[in-house]
Protein chains: 2
Amino acid sequence: MSNKPVSLKVLAAHLGLTVPTVSRALNGYADISPATRERVRRAADELGYRPNQNARRLSIGNPETVGYLMPRIGQSIAQPFVAQLLQGLGEALGKRHWDLLVSHAESASDELAQIEKLTRSGRVSGLVISRPLRNDPRLQLLQDLKFPFVVHGRTGSSTDYAWYDVDGEDAFVTSVNHLVGLGHSRIAFVGSPLQFQFAQDRLIGYERGMVVNGLTVDKDLIQIAEFSDDGGEAATNILLDLPQPPTAIVCVSDTMALGALAAIRGRGLRPGVHVSVIGYDGLQFGNHSNPPLTTMAQPQAHAGRRLGDMLMAIIDGDKPSKHQELQRAQLLRRMTDGPMHTAADQKLVSTREETT
Amino acid sequence: MSNKPVSLKVLAAHLGLTVPTVSRALNGYADISPATRERVRRAADELGYRPNQNARRLSIGNPETVGYLMPRIGQSIAQPFVAQLLQGLGEALGKRHWDLLVSHAESASDELAQIEKLTRSGRVSGLVISRPLRNDPRLQLLQDLKFPFVVHGRTGSSTDYAWYDVDGEDAFVTSVNHLVGLGHSRIAFVGSPLQFQFAQDRLIGYERGMVVNGLTVDKDLIQIAEFSDDGGEAATNILLDLPQPPTAIVCVSDTMALGALAAIRGRGLRPGVHVSVIGYDGLQFGNHSNPPLTTMAQPQAHAGRRLGDMLMAIIDGDKPSKHQELQRAQLLRRMTDGPMHTAADQKLVSTREETT
DNA sequence: ACGCTAACCGAAACCGGTTTCGGTGCACAA
DNA sequence: TTGTGCACCGAAACCGGTTTCGGTTAGCGT
């Protein structure tokens, strides 16, 4: 049908009115007679008029757009949660007809440059940051700029900004408790570099869980590796080579847990039987791993929605510190958590074929 | 440090020049003396000046922004490719400092409304559409609007627009060939509803592969189900219940293939031994399925980059039909393709534990 | 009949840039 | 010395909207 977008000017001309009048009519100002208002409305959607958002937003001084900085973590399978998070963000923003801009950087410094650019060029009214580091220069920069932002995750100094996070510490206490309940006592932790705040939180949760249950925290049972499936595999191999290997492993993420499973299987052992594994993230794919991965699940789309709502509220003037939400993760039992495998040398492998 | 963005006006005042002069100085016009140009440049990045992009783009009449419509496919694990695609798109756009806007709709009609809105409100200069339907109203609409767009995938009437696609037909011929080479002849197809063009393409590839190898296409061996892991599982169960069940299955996607694996294991059979399975997508997670999934791999980030470049070229004036790229998928052998399992009643299950 | 007020719309300014068009001042040639 | 031309910058118009401010007109009371 029609192709070129119709501007306010041609709409006004078409109606024999001036541009400002038409504008106010469409925006429901009181000083426009109900008659003309109706007339304008009708003509507007007859001609398929849509206000040019660039112009409108320039005028009202609000880009009505939120930027999301893609987490930048090597080539790993670290992004499965991004699609769901974006979906949730989009839903929240869509309710007010705001837009979602995604931006990804190539390096840490490039990331700061991106923030500089996005904030100062008036393209976004706020930013969403994922996976903060322990001392994150991005947050520092945004605070210096006094620019609205929310963090998906939180850091140590989390009092003065807005965040939504899943309580990783609590989740790992839960994981450890669960494993202890199954009879385990040599429980290991497979983690990612501690520069990520979440890695730190979850490690603390692990340690607290151990202490709470009267277990000693053996440094050998804490293995940090690259944040990827390969990293998880490598770390687990080190653990299994220990003189006294663990009978259960909690992993900082599902991706790393998948690597752990591979390492365990690689030795002819069966995850969930000889060595229990609990991941973290609740990836749907976990249903199809070998065997299906027990994990701490969490609603990513919900996170996106909340982050969007929080950010818009802050842009509207709310104090950031008013918006801090801690979500609890849920233990999702699948097949990799099992009772402590005592006796019987680990070389003895059950012949039962696992069935999903 | 500084917080409020500095406008051209204050920069000009600071320099004792007028706004247009400063603008032209920064944009390298010839009618500005080298001296002042340098002076302006220096002052600009001293004050941290960044042009307001909303204003700039309004003025130059180009939003310099590309919209991506999130594929809207139930709750399935269908989106793992999105993150990579977005990454690729972002890279391509970033080279020219364009922005990436993501938009997702809640229903098919909502999707059309979104397109209407995005195009007519001047927010984007072009759109990227994923997973076209066989007779896609979105493409129809965009063509009517004469609005620049590229399609990730293609439809039957694909001559008059731009697209990037992986040759699904060819890929499935390859899959079938490979399986025939392994001795299989009863090869089944697990597909998703044929409204998706890709589902159609791949089915045709399957059929062609069968014919090419002198095999008959048995309608019973073609099972269409919901596009999800559960759908794949259900379809596979139907296949395995056949009087003469298949010895190999090609699946329209990795997600559905994961369901197929579950169904096969559910009967005490071993994928890759008793029943071979080949997926499509090349998801990295396939490395961790049970057993690791053989699949037809493809570079999603590359797709994103190409789509971005193509779209910008079209917006610059290129004829869309000039930009049509067909990529070939690569057979990625993991563990679910194996030689035809003859003899021995399928009830007889090997006791060997699979090792990754 | 007059004034006052309220209803309604147009004029003008602005948001922050870009781009075209003129005009000044200087160097240069005649 | 006087034109001529060029280098350089400012004035003005524009992109497509929003919002404040004035000015008519009509309706009302008196």
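Letters A, B, ... are given to chains in the order of the sequence lines, protein chains preceding strands, and every chain is numbered from 1.
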(request) For A:Asp318 and A:His323, test the side chains for any donor-to-acceptor distance below 3.5 angstrom and give the result as yes or no. (result) yes
(request) Using a cut-off of strictly less than 4.0 Å, decide whether B:Ser7 has a side-chain nitrogen or oxygen near OP1 or OP2 of C:dG16. (result) no
(request) State whether B:Ser33 places a side-chain N or O below 4.0 Å from either non-bridging phosphate oxygen (OP1 or OP2) of D:dC9. (result) yes
(message) Can you work out whether A:Pro51 or B:Thr18 has the more 5'-proximal nearest nucleotide on DNA chain D?
(response) B:Thr18
(message) Check this one for me: any side-chain N or O of B:Ser59 less than 4.0 Å away from OP1 or OP2 of D:dC15?
(response) no
(request) Dump the intermediate steps for salt bridge (charged side-chain N to carboxylate O under 4.0 Å, His left out) on A:Asp31 and A:Arg37, then the final yes or no. (result) CA-CA 10 Å; A:Asp31 63 347; A:Arg37 187 179 314 168; over 6 Å; no
(message) Nearest 0.5 angstrom please: A:Ser23 OG to A:Leu11 CG, how far?
(response) 10.5 Å
(request) Take atom NZ of A:Lys9 and atom P of D:dC14, then tell me their distance rounded to the nearest Å. (result) 7 Å
(message) Below the 4.0 Å mark, does D:dG10 have OP1 or OP2 next to a side-chain nitrogen or oxygen of B:Thr21?
(response) yes
(request) Would you indicate what B:Asn27 reaches in the nucleic acid, counting non-hydrogen atoms under 4.0 angstrom: base, sugar-phosphate, or nothing? (result) sugar-phosphate
(message) By the 4.0 Å heavy-atom rule, please label A:Pro20 as base, sugar-phosphate, or nothing.
(response) base
(message) Quick check on DNA chain D: between B:Pro34 and A:Leu8, whose nearest nucleotide comes earlier from the 5' end?
(response) B:Pro34
(request) May I ask you to say what B:Leu58 touches in the nucleic acid, namely base, sugar-phosphate or nothing, with a heavy-atom cut-off under 4.0 Å? (result) base
